[in-house]
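Working notes for the structure below.
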Amino acid sequence: MSTKTIKVLSGGGFVTQETRSETMCELREEMGISANASAAVGGTNVSNSYQLQEGDIVAFVNNDKTGGAQI
């Protein structure tokens, strides 16, 4: 099993990370990302079966976030 170097959104920017994960599902497990979070590569939503590629730019977004002040 070989490693891939990808970039993952963390905080306000992308950080370089090495992974042995082959699919988005494996990456979720490796990183402890909720199944409820949407996954995107290069700005396009992808499924859990997406095959990770060297140099992918990955972001996870939780859909249960709410914004604004509650008055």
* If you look at every heavy atom in Ile57 and Phe14, which pair is closest and at what distance? -> CG2-CE2, 3.3 Å
* Check side chain to side chain donor-acceptor pair (under 3.5 Å) between Ser47 and all other residues, then give those that pass, not counting sequence neighbours. => Ser49
* Within-4.5 Å side-chain heavy-atom neighbours: Thr19 and Ile6 -> yes
* **Check: Tyr50 and Val41 side chains under 4.5 Å, non-hydrogen atoms** => yes
* What do the steps show when you test Lys7 against Val58 for side chain to side chain contact (heavy atoms under 4.5 Å, CB included), and what is the final call? -> CA-CA 6 Å; Lys7 291 191 177 189; Val58 179; over 6 Å; no
* To do: Kindly write out the residues that satisfy salt bridge (charged side-chain N to carboxylate O under 4.0 Å, His left out) with Lys4, not counting sequence neighbours, or none if the list is empty.
  =>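 Partners of Lys4 by the salt bridge (charged side-chain N to carboxylate O under 4.0 Å, His left out) criterion, ordered by chain and then number, come out as Glu22.
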How long is the span from the [atom1] atom in [X] to the [atom2] atom in [Y], to the nearest 0.5 Å?
{"X": "Glu18", "Y": "Thr3", "atom1": "CD", "atom2": "OG1", "value": "4.5 Å"}
{"X": "Ile33", "Y": "Phe60", "atom1": "CD1", "atom2": "CZ", "value": "5.0 Å"}
{"X": "Glu26", "Y": "Gln51", "atom1": "CD", "atom2": "CD", "value": "8.0 Å"}

* **Pair Thr5, Gln17: side-chain N/O donor-acceptor within cut-off below 3.5 Å** => no
* In sequence, state the C-alpha distance, the side-chain angles, and the governing distance for Asn48 and Arg28, and then conclude on side chain to side chain contact (heavy atoms under 4.5 Å, CB included). => CA-CA 8 Å; Asn48 280 337; Arg28 280 180 189 275; 2.6 Å; yes
* To do: May I have the step-by-step check of side chain to side chain contact (heavy atoms under 4.5 Å, CB included) for Thr23 and Leu52, ending in yes or no?
  => CA-CA 5 Å; Thr23 65; Leu52 290 167; 6.0 Å; no
* To do: Begin with the C-alpha distance, continue with both residues' side-chain angles, and end with the deciding distance and a verdict on side chain to side chain contact (heavy atoms under 4.5 Å, CB included) for Ser10 and Val8.
  => CA-CA 6 Å; Ser10 178; Val8 179; 5.5 Å; no
